[in-house]
Each structure stands twice: as C-alpha cells, then as structure tokens.
Amino acid sequence: MVQASPKSQTEYDVIVVGSGAGGGMAAYQLAVAGLKVCVLEAGRSYDPVRETPMFKLPRQAPLLGAGTKHKPFGFYDATVDGGWDVPGEPYTNAPGTDFKWWRARMLGGRTNHWGRISLRMGEYDFKPKTRDGLGADWPMTYDALAPYYDRTEMLIGVYGGDDNLENTPGSPAGVLQPAPAPRASELLTKKHAAPLGIPVIPAHLAIMTQRQDADVLPKKIHPNNPLAQKVLAQSMRQRAACLWATPCGWGCSVKANFQSTTVLLPPAMMTGNVDIVPDAMVRELILDASGKATGVRYIDKTTRADRQVKARIVVLAASACESARIMLNSKSTVFPNGVGNSSGLVGKYLMDTVGAGIGGQIPALENLPPHNQDGASGMHMYVPWWEYKNQLAGKLGFARGYHIEFGGGRDMPGPGIFGGLESYTNGAYGRRFKEEARRYYGSFMYFSGRGEMIPNEDSYCEIDPNVVDQWGIPVLRFHWKWSEHETKQAAHMVKTFAEVITAMGGRVQGTVQTDGAKAIANGGEIIHEVGTCRMGTDPKTSVLNQYGQSWDVKNLFVADGSVFVSNADKNPTLSILALAWRTCDHIMAEMQRGNI
C-alpha cells in the first residue's frame, strides 16, 4: 500500500486520525464520495499481503511461538509494534486501579489482530435505560442503524446463520455468507446445552467462506456512485475465500478476513483521494479564535519534528481512549478543559467488556481418530444471551447479559499443549506418556463469557498532570471500578460454564469462583474499551450528537468506540464500522447543506 506525504495537498477536505475500524471506514466512505482525505496513523505502515506469516508452524518460531511480554498473543500475532506496554508511551493508573490499555500502533490498528466476531447490537441494547432504568439510552434505535449493518456486512464479508432471536437480530437474506460446518466439540456442546435451556447457534465472524460477487455487491452497497462501485469491485476481486489455515490474528495475505488494511484502505487509495501518513503521533487539534477546528498538529515519529496539516473537517477515530486524550489535550481560551468538552464528559463513562472463563476436560472427546477439523480460526458456533425474561423480572441479581465463546478439539498443537497432563496420567512417562498424550489431545475445551458493563461515574480517563510520553504529550490516567452487576455476572458465567461442562460428562479445570470479583478480568483486558465521548440528545449530558458530531465544534466528528453510550455484550467492531458509515453520510449531507 502506498503512503503519501501531506505535502501533496496543503489543505484537505477531511483529516481522519486513526486507520482502524472507524478511521478506515471514514477514509473509504469520504474518499469514494469525492473528498480529499488525509489519514494520520500513529503507528508504522503495515501491509498484510507482504507481512502475514501465512502457513507458518509453531516449531518455526522462537519459543514455539509462545507469548512474551512484547508479543503477549504469540510470536506470529499481527500486532507488530504495540501491545499493553508501548516503549516511551506510558499511561498511569490512579490508586486502586489496574486498568490495562492495549494500543496497536500500526496501520489498520486493532483490525489486524481482532477476533473477527461480528454481532449486531439489538433493540434492547440501544434503549437499556428505558428497559431497566440503568445507564443511558442511545439517541437512536436499532432500526436507524440496521441498514448500515446490512451494507457493512456485505462490504467486509461476514459469515453466519439465519437465527433471529430475542435481542439477537439476524441479517436479511443474501447479506451474510454461509456459516462453516460445526466442529465435533461444538456439536457436543449444543447437544448437552439444549436440556439446560442454553441455545447454541452459528457464530457471525468477519471471515469469507466464499468469494464476494464483485459484479453484484458493489451496486447494492453503493447505488448511484460509479466511483465507489468501480474501486470496490476491483478490491473485491483481489480477495479470496478463507483457506482454513493461518489464524486470523496473524493477519491474512489473501484478504479473506476483515482488516482495514486489506478491505477499506486499498479501495480508498484507488480513488486517488487519500494520503496516508504513518508514524504521525497526533498532539492536538488546531483551533481558530472562534473555536472551529482548522487542522491537526502532530509529531513525525521518524524525525521527531512537529508538523501540522489543515482541513475543513476533522474526524477522530484513534480509539476510544486515544481520541479522548487528543480532545483533552486540545486546550484553548475557548476550550480551557479540552475541545468539545463543555459538558465535562470527555473521558467519562469508560467501559470494557465483562470477561470470565473456565475450562474442562471432556472424556467423550478422548481417543478421537485423526480427522479434518479445518475451519476458521475463530468459533463456528456460540451462545447468545438467553435469559432476558428472567433478568428483566429481577431473578438473576444482575441487570445485563453475556454471550459465550467456546472452543476445543484437535487444533494445531502449540506451546504447552500437554502442560498439566500429569494430573490426568498419574505421572506417566515414556511410551505410556505418548499414548496418554494421544488419548487426551483434543479433549479439552474452554468457555469464555463476554458481557455488558453498565457505565458508571467511577470509570474514566483523564490527563495525568505530571507525566508525558517521549513526544512530550501528556498521558492518560485511568480510574476503574466494576459494579456488582458486573461481578455477579462474572460469577454467573463460570457457574454456567461448569454446569455445561458437567452436563457433557466433563471435569472442570480450576476453581469455580463464587466471588465474581475474583473471576472477572481486569478492566481493559478484553480490549473492548468504549465510551469516553458518548453521543446523546442533550449537550449537557453528552459530548456528541447521534451522528458523532461535536455539540461544541460543528466540524469535529468522532467515529470510533468512544461514541458508545452503552457496551452491549456484542463485540463492538461491527457497530463501530456501521456507526462510522452513518457519520460519514451525515458529513456529506451537512456539507451539501453548507453547514460545515
């Protein structure tokens, strides 16, 4: 992918800060609409076609590919230059807080690394306060976003089933690609979960099970836009269906899964309307005397020089916490507390996904004959939340639900594959150990819950007044607190997983924590942080309107997870993409009206 210097255009129509889900979508939509766009990316350039370690084996990597401090998700993970700890770019935690902040720092951001789980938010998810009196409602309904979900799923390629359950909306016919066949471990789970009243249905993942129809889909996705149809058709013809080989988290050189770097940025570049500037660490927005945004000031990380670029419109899509950091650091006489922060809510109501899990050993999966377990590196089936009625009736003790992600079976052996086997084999060694290893290989499963967090006033990020990063930019300080709704939900997760494992005739591994505070993952650990610049209907209680437009600065928009009002159990990336598309449509409409 070709990057260009902003010198090729002294002033742009739009600056987009960030190149991941929201930034990539914004760059693409605005470019095919004919606007001149400059994308500023804090990380290095990255091309999955050249850099993905396709078809590599654990034995070809140091430590058999095991995770390390600098590569926590394994040697081959697509996050090439980021992680929990980014050298020279610290963040701090307030006393009593242990929040973890993952930063990708690469072109395409987290879309290179994510799990590809693509679930639509449902009707209840947009109006949670109306339903149970907690949190806040979104300034829109599901019906307002549904057409954007449709087009986003067709654009990026999502597989899934046709289930349409309570608050788990399906997609119209012809939108999704066929789901891959269930694996043995998934079918076994479905069989034994059913008597417990727990549904197991095809998962939705942004992985292509077949090639896209480049002659039909572009016209459906972009009617009346010949430029968009042309570049999208060309991009789709460069994508292949999944080969059921390399894990998605390593990236994909055949473009079968969704990454901004393979699906959104290439067609955006084909328009000739986009300049991408990597290694551009944004310091602040440039504002005129009236408080209007006129551009962005950033640091060229390769030369450490201060630079700036100007535009009519600025779109922040740097991630929920990074966008809040930029806004809080963009101070002026008009905005002494940070740009767009008249409500005082920039950085507030930070949320992550509730996470907890437990595993088990399943005797029914022992001694399975070698068989083809090809498929996506992610799950083929999952469990949507099934207890809406009991929860609304107050029978569960916590207000919001979770979905279950699970896996097991005869996957590629990795480091530590037989760790802990001695507890099952009574210390076998030699030939007997090999026999026992063959017996137990593929008989272990793990269940993970991913649940909704209710926003609270004790979870937020702010500027640390005493710490700057290596670029001289003040860093974020995090405050975090789970409520009892989340900790009780985590306890319910592991209790349920243990019941499923037991129903399968399995043996639970580890302790089934009854204290949810001990079972729940740290804030930020699931890497689903959202909130910080919530949208709403009232400038006093929100930062943005329903289109991601700042109440205070009409030519400033936010198009990442920071706009979220709540954090449903559905993984946020698909919604970030759909919301960013909706924001871009509003930008074009406002420009045509002469309002910005």
Side-chain angles (χ1 to χ4, degrees), residues 21-22 24-30 32-33 111 114 116-127 138-179 201-225 228-229 231-233 235-236 239 241 256-260 263-264 267-268 382 384 546-548 559 561 563-564 568 570-589:
M25 181 63 87
Y28 170 71
Q29 295 297 342
L30 298 172
V32 299
T111 67
W114 69 305
R116 274 74 186 182
I117 298 169
S118 301
L119 305 174
R120 295 183 178 208
M121 290 171 56
E123 178 184 356
Y124 302 163
D125 300 323
F126 286 93
K127 301 297 178 183
W138 288 65
M140 68 176 77
T141 63
Y142 170 76
D143 289 341
L145 199 59
Y148 292 94
Y149 277 136
D150 295 348
R151 283 179 279 167
T152 297
E153 289 169 346
M154 288 190 286
L155 172 65
I156 68 176
V158 175
Y159 74 62
D162 57 3
D163 300 275
N164 191 23
L165 307 181
E166 185 177 11
N167 201 42
T168 303
S171 302
V175 169
L176 297 180
Q177 296 200 353
I201 65 174
H204 291 205
L205 270 72
I207 303 170
M208 299 201 313
T209 54
Q210 61 187 26
R211 297 196 69 175
Q212 293 169 303
D213 189 337
D215 295 322
V216 173
L217 285 179
K219 296 174 184 177
K220 283 187 175 181
I221 296 169
H222 295 294
N224 307 315
N225 188 331
Q229 293 172 15
V231 297
L232 182 56
S235 177
M236 285 182 169
R239 301 183 67 190
N257 63 36
F258 168 70
Q259 297 172 246
S260 176
V263 179
L264 297 176
Y382 87 114
Q546 65 168 311
Y547 300 105
V563 308
F564 279 42
K570 288 79 170 180
N571 306 42
T573 302
L574 182 69
S575 295
I576 291 172
L577 289 163
L579 287 164
W581 193 332
R582 188 171 184 264
T583 291
C584 291
D585 279 359
H586 182 69
I587 289 173
M588 294 305 303

Report the residues that fulfil side-chain contact (heavy atoms from CB on, under 4.5 Å) with [X], sequence neighbours left out, ordered by chain and then residue number.
X: Pro178; result: Thr209, Gln210
X: Ala580; result: Met25, Ala559
X: Ala578; result: Leu145, Tyr148, Tyr149, Thr152

Inset, instruction - Verify side chain to side chain contact (heavy atoms under 4.5 Å, CB included) between Tyr382 and Ile117, making sure each step is shown before the conclusion. - result: CA-CA 10 Å; Tyr382 87 114; Ile117 298 169; over 6 Å; no
Inset, instruction - Return yes if some donor-acceptor pair links the side-chain N/O of Asn167 with the main-chain N/O of Tyr124 below 3.5 Å, else return no. - result: yes
Any side-chain heavy-atom pair of [X] and [Y] under 4.5 Å:
X: Met121; Y: Leu579; value: no
X: Val32; Y: Pro267; value: no
X: Pro169; Y: Asn164; value: yes
X: Arg211; Y: Gln177; value: no
X: Pro218; Y: Met236; value: yes

Legend entry - CG on Leu30 to OG1 on Thr583, rounded to 0.5 Å: 9.5 Å
Inset, instruction - Can you measure from CD1 (Ile156) to OG (Ser118) and round to the nearest 0.5 angstrom? - result: 5.0 Å
Taking only residues two or more places apart in sequence, or in another chain, which ones meet [X] in a ring pair (Phe, Tyr, Trp, His ring centres under 6.0 Å)?
X: Tyr159; value: none
X: Phe564; value: Trp138
X: Tyr28; value: His222

Closest non-hydrogen atom pair between [X] and [Y], with its separation:
X: Met154; Y: Leu217; answer: SD-CD2, 3.9 Å
X: Pro202; Y: His204; answer: O-CD2, 3.8 Å
X: Leu232; Y: Leu155; answer: CD1-CD1, 3.4 Å
X: Gly24; Y: Ser260; answer: CA-OG, 3.5 Å
X: Lys570; Y: Asp125; answer: NZ-OD2, 2.9 Å
X: Lys127; Y: Thr141; answer: CE-CG2, 4.0 Å

Inset, instruction - Please list, chain by chain and in numerical order, all residues satisfying salt bridge (charged side-chain N to carboxylate O under 4.0 Å, His left out) with Asp143, sequence neighbours excluded. - result: none
Inset, instruction - State which residues pass salt bridge (charged side-chain N to carboxylate O under 4.0 Å, His left out) with Glu166; sequence neighbours excluded, sorted by chain then number. - result: Lys389
Could I get the full list of side chain to side chain donor-acceptor pair (under 3.5 Å) partners for [X], not counting sequence neighbours?
X: Gln546; value: Arg582
X: Arg120; value: Tyr142, Asp150, Glu153, Ser171
X: Thr168; value: none
X: Arg239; value: Gln212

Legend entry - Asp163 atom CG, neighbour heavy-atom count above 12 within 6.0 Å: yes
Inset, instruction - Begin with the C-alpha distance, continue with both residues' side-chain angles, and end with the deciding distance and a verdict on side chain to side chain contact (heavy atoms under 4.5 Å, CB included) for Leu264 and Phe258. - result: CA-CA 9 Å; Leu264 297 176; Phe258 168 70; 3.7 Å; yes
